[in-house]
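The structure appears below as C-alpha cells.
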Amino acid sequence: MESEQVIKLIEILAWPITVLAIASALRSPLLKLISRINAVEAGGVRAEFGAEMLEARQIAEENGNTNEPKPYDSKGSQLQRLAEFSPNGAVVDAWREVELATISAALHNNLEVRGAKGRVSGNAAVREMREQGLINQSTYELYSKLKNLRNKAAHSSETIEPSDAKEYSLAALELASKFREIRGKPN
C-alpha cells in the first residue's frame with residue numbers, strides 16, 4: 001500500500017474512530033441522558049407514549065399493582081391479542097374498563113357520577129371518590145396518567161408499540177379491579 005493510500009484511509013476513518021472513542025468514553029452519561037428523553041420526533045411523528053407508560057408503571061408499582069396477567073382473565077387475554085394488531089385500540093378498550101369500574105364504584109357508594117354537563121363521567125366519579133377518601137393520591141395519579149395516555153392513543157397520530165399497549169392494558173385492568181373492590185372504606 002502506498003503512503004498516499006494510507007493517508008487517505010486515515011483521513012476517511014479519523015472522524016468515525018474519534019466519534020466511537022468519545023461515545024465509548026462517555027457511555028454511562030450518554031445512557032443516562034438517553035433514558036431521560038421523553039419524546040422522539042421523526043418524519044412528523046412524535047413518540048411519547050413509551051416514556052409516559054414508564055411513569056405510569058412506576059406509579060402502579062408504588063400502588064402495589066404488579067401488572068401481571070391473571071390466569072383465566074378473558075378480557076386481559078383479549079386485550080393482549082388486540083395489542084398485537086391494534087395497539088391504540090387496545091389502549092382505548094382497556095380504558096373503557098377503568099371508566100366503567102370507576103362509575104360502578106361511585107354508584108355503589110352513592111356518590112355523584114355526573115360531570116358539569118350532566119353526563120355520566122368517570123372523571124366525576126373519581127373526583128368524588130377522592131374527596132370522600134375512598135382512593136388515595138397514588139391511585140388518583142395512576143388514574144390521571146392512564147387517562148392522559150388513553151387520550152394520546154385516541155387522539156394523536158402517534159403509533160404505540162404493541163408492548164406498550166400490552167403493558168397499558170394490564171395496568172388499566174389492575175386499576176379497574178382496584179376500583180371494583182371499593183366498598184365504602186378508605187383505600
**Request:** Considering non-hydrogen atoms only, spot the tightest contact between Ser169 and Ala94 and give its length.
**Result:** CA-CB, 3.8 Å
**Evaluation steps, side-chain contact (heavy atoms from CB on, under 4.5 Å), between Arg180 and Glu97** = CA-CA 10 Å; Arg180 286 187 190 100; Glu97 294 296 314; 3.2 Å; yes
**Message:** If I take atom CD from residue Glu112 and atom OG from residue Ser121, how far apart are they, to the nearest 0.5 angstrom?
**Reply:** 10.0 Å
**Asked** If you measure from CG on Leu134 to CZ on Phe179, what distance do you get to the nearest 0.5 Å?
**Response** 10.0 Å
**Request:** Heavy atoms only: give me the nearest Tyr168-Leu146 pair and the separation to one decimal.
**Result:** OH-O, 2.9 Å
**Prompt:** Are side-chain heavy atoms of Glu84 and Lys166 found at a separation under 4.5 Å?
**Reply:** yes
**Asked** So do the side chains of Val98 and Thr102 get within less than 4.5 Å of each other, counting heavy atoms only?
**Response** yes
**Item:** Steps toward side-chain contact (heavy atoms from CB on, under 4.5 Å) verdict (Glu99, Arg96)
**Value:** CA-CA 5 Å; Glu99 205 157 46; Arg96 186 175 28 226; 5.7 Å; no
**Item:** Note, Ile135 side chain near Tyr143 side chain (heavy atom, < 4.5 Å)
**Value:** no
**Message:** I want to check something: taking the side chain as every heavy atom from C-beta on, are Gln78 and Asp93 in contact at a cut-off of under 4.5 Å?
**Reply:** no
**Request:** For residues Val91 and Asp164, determine if any side-chain heavy atom of one lies less than 4.5 Å from a side-chain heavy atom of the other.
**Result:** no
**Worked check of side-chain contact (heavy atoms from CB on, under 4.5 Å) between His155 and Arg150** = CA-CA 8 Å; His155 303 294; Arg150 176 267 176 207; 3.5 Å; yes
**Message:** For a quick test of reading the model, state the closest non-hydrogen atom pair linking Val92 to Ala154 and the distance between them.
**Reply:** CG2-CB, 3.9 Å
**Any Lys147 side-chain heavy atom under 4.5 Å of Asn123 side chain** = yes
**Item:** ILVMFWY cluster, Leu100 and Leu107 together (side-chain gap under 4.5 Å)
**Value:** no
**Fill in**
Heavy-atom nearest pair, Asn109 first then Ala105, reads ND2-O, 2.8 Å
**Item:** For Ala153 against Asn88, the heavy-atom pair lying closest together
**Value:** O-ND2, 2.9 Å
**Request:** Give a yes or no on whether Gln137 atom CD has more than 12 heavy-atom contacts from other residues, nucleotides or ligands under 6.0 Å away.
**Result:** yes
**Fill in**
dist Leu82:CG -> Ser77:OG (nearest 0.5 Å) comes out at 12.5 Å
**Item:** Flag side-chain contact, heavy atom, 4.5 Å: His108 against Ile182
**Value:** no
**Asked** Considering only heavy atoms from C-beta outward, does the side chain of Met129 approach that of Leu111 to under 4.5 Å?
**Response** yes
**Complete:** Heavy-atom closest pair (Ile160 atom, Ala165 atom, distance to 0.1 Å) is CG2-N, 4.0 Å
**Prompt:** Which distance, rounded to the nearest 0.5 Å, do you find between the CH2 of Trp95 and the CG of Leu173?
**Reply:** 12.0 Å
**Request:** Enter the distance from Glu128:CD to Asn110:CG here, rounded to the nearest 0.5 Å.
**Result:** 11.5 Å
